[in-house]
Number of protein chains: 2
Amino acid sequence: MARAKKIPSTTVSRLSVYVRALQKLRNEAVVTTSSEKLAEQVGLTAAQIRKDLAYFGQFGVPGRGYYVENLHNELAMILGINRRWEVALAGVGHLGYALLAYNGFKKQGFDVVVAFDKDPAKIGQTWEGVKIYDIAEARHVLPECGAEIGIIAVPAASAQEACDALVAGGLKSILSFAPGRIIVPPDVTVKRVELAMELEWLSYYATNIGERG
Amino acid sequence: MARAKKIPSTTVSRLSVYVRALQKLRNEAVVTTSSEKLAEQVGLTAAQIRKDLAYFGQFGVPGRGYYVENLHNELAMILGINRRWEVALAGVGHLGYALLAYNGFKKQGFDVVVAFDKDPAKIGQTWEGVKIYDIAEARHVLPECGAEIGIIAVPAASAQEACDALVAGGLKSILSFAPGRIIVPPDVTVKRVELAMELEWLSYYATNIGERG
DNA sequence: GGGAATATGTGAAAAAGTTATCAAATAACC
DNA sequence: GGTTATTTGATAACTTTTTCACATATTCCC
Ligand SMILES: NC(=O)c1ccc[n+]([C@@H]2O[C@H](COP(=O)([O-])OP(=O)(O)OC[C@H]3O[C@@H](n4cnc5c(N)ncnc54)[C@H](O)[C@@H]3O)[C@@H](O)[C@H]2O)c1
Ligand SMILES: NC(=O)c1ccc[n+]([C@@H]2O[C@H](COP(=O)([O-])OP(=O)(O)OC[C@H]3O[C@@H](n4cnc5c(N)ncnc54)[C@H](O)[C@@H]3O)[C@@H](O)[C@H]2O)c1
């Protein structure tokens with residue numbers, strides 16, 4: 001359990017990729033696989049996969065490969081997804097509603113259990129089985145409902161304010177869809193998803209053809 | 001124009017960050033800035049910024065710094081966002097509708113001009129001023145409407161099929177929200193946004209406290 | 001049980017990316 | 001106009017990440 005080395009953030013991201021590939025194999029009733037086969041499946045190199053796994057221990061059988069179910073369970077435990085996570089949503093607008101209505105997260109163990117907004121027309125309602133509270137109540141509501149992860153889907157101008165409310169409620173992990181930096185205490189982790197930046201990335205490679213591929 | 005070195009993908013992503021920071025400064029009527037000030041603004045090091053810019057040329061004035069407007073224009077040109085991009089949307093479900101209704105992209109020059117779906121109840125309708133066509137018509141509709149970037153917001157099981165349709169319509173740049181790999185010809189660039197993976201990333205750091213921060 | 005085949009885990013090499021350093025260039029000031 | 005203070009751009013040093021290569025462990029099969 002006591003891991004010496006610092007784990008690269010890219011390795012953590014790839015762990016998710018491996019988990020998904022293993023889920024697929026498990027669904028297909030495949031019992032064993034190898035770093036080589038996995039590499040082909042996910043589009044990476046075998047060495048990369050073995051190196052990533054080596055940060056966390058030894059999961060394979062030389063001459064045989066990996067037992068799909070076993071490796072899946074190990075990686076799920078490492079990622080902390082061998083459990084259910086309760087998620088709080090701030091901002092039930094267009095994007096927020098799409099997230100609420102999406103059942104793909106629940107399938108992966110992420111369950112939106114409470115929502116917050118600022119709009120009086122929405123506060124008090126229940127959408128998709130999730131009750132919407134006033135964001136000002138977050139600091140009181142959150143500690144009671146057990147949510148540990150927050151999602152911010154409010155306009156950029158309100159993002160800092162909404163984030164502060166979630167942090168005041170005790171959340172330490174936040175996924176934000178709002179463009180722009182959010183300031184949080186050092187013990188809070190924020191992951192941003194900036195869709196405009198993804199489009200700009202595509203724009204770059206579309207404009208400068210031949211730099212990739 | 002003829003750049004010798006290969007540009008790191010991370011540099012391209014940071015270019016977007018710089019552009020946003022410069023936009024902000026321009027709105028505040030700031031005329032000049034420096035790598036040092038920019039670094040503080042975006043949370044990077046000054047050396048990193050100068051290095052990134054150096055891939056593309058010389059934009060600064062020693063002893064003075066950078067002219068905000070000038071640098072913004074240069075970076076916008078490099079990223080290819082000094083123009084309007086027409087975007088095609090495949091899948092007008094919960095997420096697709098949120099994207100359609102979002103005006104933030106248009107502000108950055110990305111304009112959804114056409115949508116595709118498979119659901120007969122949606123085909124033929126016009127939502128948010130955007131007409132929804134049968135995805136099967138994509139190969140005929142796309143060449144006429146000028147869209148160059150595609151966004152995939154269909155269920156994972158249909159993602160490959162929808163992508164094939166967009167590619168058949170001539171698109172070479174695609175942003176996909178569907179989980180899982182999509183196979184495309186080598187001249188097509190796909191950027192995936194996997195929200196479940198972002199949540200798993202948060203789960204990891206929430207589970208293994210103290211590995212970051 | 002032994003030998004061939006296979007695929008891991010790991011240390012070393014290579015590549016990529018980031019940070020530090022500094023000479024050269026420019027501006028501001030007197 | 002010359003001196004000083006800045007800040008760039010480039011190079012060098014360093015760090016991180018990826019790839020390579022192979023000894024080692026295990027299975028499979030005869
Ligand atoms: N819709 C998209 O497709 C899309 C795409 C990329 C990024 N985003 C980003 O996601 C965020 C949400 O986008 P949207 O389109 O859903 O916006 P929206 O305007 O549809 O919804 C925003 C919601 O947040 C609520 N809100 C506002 N201030 C609040 C506060 N302080 N606390 C709690 N709730 C508050 C509003 O009442 C509203 O319900 C924005 O930051 C946007 O930039 C959205
Ligand atoms: N909704 C979310 O918040 C969310 C979050 C993360 C990822 N995603 C992903 O985004 C995608 C869309 O999610 P959603 O919630 O909007 O789904 P949805 O079911 O609400 O909408 C899907 C839409 O795609 C259409 N469609 C199905 N097959 C098609 C095809 N072959 N061609 C064209 N259109 C087709 C459907 O008619 C429907 O309108 C999914 O892949 C999902 O995994 C969604």
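Quick note on labels: first sequence line is chain A, next is B, and so on, each numbered from 1.
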Salt bridge flag under 4.0 Å for residues A:Glu86 and A:Arg84:
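Looking at A:Arg84 together with A:Glu86, the answer is yes, because their closest N to O distance falls below 4.0 Å.
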
Taking salt bridge (Lys or Arg N to Asp or Glu O under 4.0 Å) as the test, write out the residues that go with [X], two or more places apart.
X	value
A:Lys172	A:Asp187
B:Glu161	B:Lys118
B:Glu144	none

Contact residues, residues 23-37 of chain A to DNA chain C [heavy atom, < 4.0 Å]:
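Of all residues in residues 23-37 of chain A, the ones placing a heavy atom under 4.0 Å from DNA chain C are A:Ser34, A:Ser35.
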
Could you check which residues of residues 38-53 of chain A get a heavy atom under 4.0 Å from DNA chain C? Sort them by number, please.
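Hits under 4.0 Å, by residue number: A:Arg50, A:Lys51.
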
For [X], check side chain to side chain contact (heavy atoms under 4.5 Å, CB included) against everything at least two apart and list the hits.
X	result
A:Lys191	A:Leu175, B:Glu198, B:Trp201, B:Leu202
B:Arg64	B:Thr32, B:Val61, B:Tyr67
B:Ser34	B:Glu36, B:Lys37
A:Leu44	A:Arg14, A:Tyr18, A:Val42

How do B:Phe59 and A:Pro8 order along DNA chain D: which one's closest nucleotide is nearer the 5' end?
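Nearest-nucleotide comparison on DNA chain D picks B:Phe59.
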
side-chain N/O [X] vs [N] OP1/OP2, d < 4.0 Å:
X	N	result
A:Gln58	C:dT10	yes
A:Tyr67	C:dA7	no
B:Tyr55	D:dA10	no

Measure from the side-chain N and O atoms of B:Thr189 to the backbone N and O of B:Ser173, and report whether any donor-acceptor pair falls under 3.5 Å.
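Answer holds: no.
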
According to side-chain hydrogen bond (donor to acceptor under 3.5 Å, both in side chains), does anything in residues 69-78 of chain A pair up with another residue at least two apart or in another chain? List the pairs.
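Residue pairs with at least one partner in residues 69-78 of chain A: there are none.
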
Interatomic distance, [X] [atom1] vs [N] [atom2] [rounded to whole Å]:
X	N	atom1	atom2	value
B:Tyr66	D:dT7	OH	C1'	8 Å
A:Arg64	C:dT6	CZ	C1'	11 Å
A:Arg14	D:dT19	CZ	C1'	12 Å
B:Lys6	D:dT18	NZ	C1'	12 Å

Pairs touching residues 173-183 of chain A that satisfy salt bridge (charged side-chain N to carboxylate O under 4.0 Å, His left out), sequence neighbours left out
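Listed by first then second residue: nothing to list.
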
Axial bend angle, the helix from C:dG1-D:dC30 to C:dC30-D:dG1: five-pair end segments, nearest 10°
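That helix gives 10° between its end axes.
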
